Amino acid sequence: MGSIPARDGPPGLQGPCNHPDRLAADPARVGLPALADRKRSGRSVSFTALQVAEVKALACQLPAGTGAPLSRWSCPEPAEEVVAESIAGSISSSTVRRRLKQDALKPWQFQSRISVRDLAFRPKAARVLDLHARTFDDARLGEDEYVISADEKTSIQARCRCHPTLAPGQARAMLVNHEYDRGGALACLAAYDIHRACVFGLCEPRTGIRPFMNLVTQVMTTEPYASATRVFRVVDNGSSHRGK
């Protein structure tokens, strides 16, 4: 039988653990220079901190400011703009995505908002908030005073199933047929008592002043609202809620 190479031994032996390359890379024998990176293939980072900052500044701008026919940026467009403005000779969309992802604040991200157009928005909003807190004109509401919030949902698709749903039975799940007939679009109107958690609702073929008044009649003919001292209704500025 052949001899087995020694795994450990003096430096003169060429065992697996005593190979010259392994010994040269051993920090205990060579010292700190052994911890340095070796030369490797590929290209080093070619973007300076200033270029990265300019890419992020570009992402914070509106596309219209650069003449781009866009409402918001996606990564390929800023990459093209970086080259067009000579910020960098070349850059890929994946590099732009990676650089932006590494940023901590991400100021280019957006949120939807609503611009206030009504100059009297603050006093109107304060009045609604006071009613939610059971206060009106700096006075507490009485026990027989109520606050109703109302609105409608339009274009609800009315669908009727062609076959009845079968209840679950022994070793059988509930059976629901997927075929249905369209019954047109309806409007759902609802009123909610803010402090009593009571809901009123009805369905109408369409919205408008008359369907809304039907909802008001349904509420005001029901106790305790029919005999209440005051009933406040909170609605939006829709045309259905403003009689002529």
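All values below come from the heavy atoms of this structure, side chains included, with hydrogens, waters and symmetry mates left out. Computed from a prediction, not measured in an experiment: that's the story for all the values here. One is the number of the first residue; the rest follow in order along the sequence.
- Contact check for D137 versus D130: no side-chain heavy atoms found under the 4.5 Å cut-off.
- Here the straight-line distance linking atom CG of L131 with atom CZ of R233 works out to 12.5 Å at 0.5 Å rounding.
- Cluster annotation: L215 is connected to Y146 through the hydrophobic network of ILVMFWY side chains, with a link wherever side-chain heavy atoms come within less than 4.5 Å.
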Side-chain donor-acceptor distances from residues 148-168 under 3.5 Å, at least two apart:
from, atom 1, to, atom 2, distance (Å)
E152, OE1, H241, NE2, 3.0
R161, NH1, N177, O, 2.6

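- Between T222 atom OG1 and Q218 atom CD the span is 6.5 Å, to the nearest 0.5 Å.
- Of the possible donor and acceptor atoms, one in the side chain of S92 sits under 3.5 Å from a partner among the backbone N and O of T95.
- Counted by atom type alone, S227 and E223 present one or more donor-acceptor pairs between their side chains at under 3.5 Å.
- Put simply, the side chain of V231 does not reach to within 4.5 Å of the side chain of E145, judged on heavy atoms.
- Surrounding CG of L129 are more than 12 heavy atoms belonging to other residues, nucleotides or ligands, all under 6.0 Å away.
- P211 has its side chain within reach of L189: a pair of non-hydrogen atoms, C-beta onward, lies under 4.5 Å apart.
- Between the Q102 side chain and the R99 main chain, no donor and acceptor come within less than 3.5 Å of each other.
- Residues S93 and E80 have side chains not in contact (no heavy-atom distance under 4.5 Å, counting atoms from C-beta outward).
- In this structure, V83 is a member of the same hydrophobic cluster as F47, with clusters built from ILVMFWY side-chain heavy atoms closer than 4.5 Å.
- The two residues A187 and T207 make their nearest non-hydrogen contact at CB-CG2, 3.6 Å.
- Here the straight-line distance linking atom NZ of K106 with atom CG of L100 works out to 9.0 Å at 0.5 Å rounding.
- The shortest distance between side-chain heavy atoms of V235 and F212 falls below 4.5 Å.
- Within the structure, the ring-ring contact (aromatic ring centres under 6.0 Å, His included) test picks out the following pairs touching residues 172-209 (sequence neighbours left out): F200-Y225.
- No side-chain heavy atom of H132 sits less than 4.5 Å from a side-chain heavy atom of V147.
- R134 places a side-chain N or O within 3.5 Å of a backbone atom of G142 that can act as its donor or acceptor partner.
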Under 3.5 Å, sequence neighbours excluded: what are the donor-acceptor pairs made by side chains of residues 63-73?
from, atom 1, to, atom 2, distance (Å)
T66, OG1, P63, O, 2.9
W73, NE1, L58, O, 3.3
W73, NE1, Q61, O, 2.8

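- Panel note: side chain T217, backbone M213; a donor-acceptor pair is recorded below 3.5 Å.
- Grouping the Ile, Leu, Val, Met, Phe, Trp and Tyr side chains by contacts below 4.5 angstrom, directly or via other members, places V219 with L202.
- Between the side chain of Q51 and the backbone N or O of T48 there is at least one donor-acceptor pair closer than 3.5 Å.
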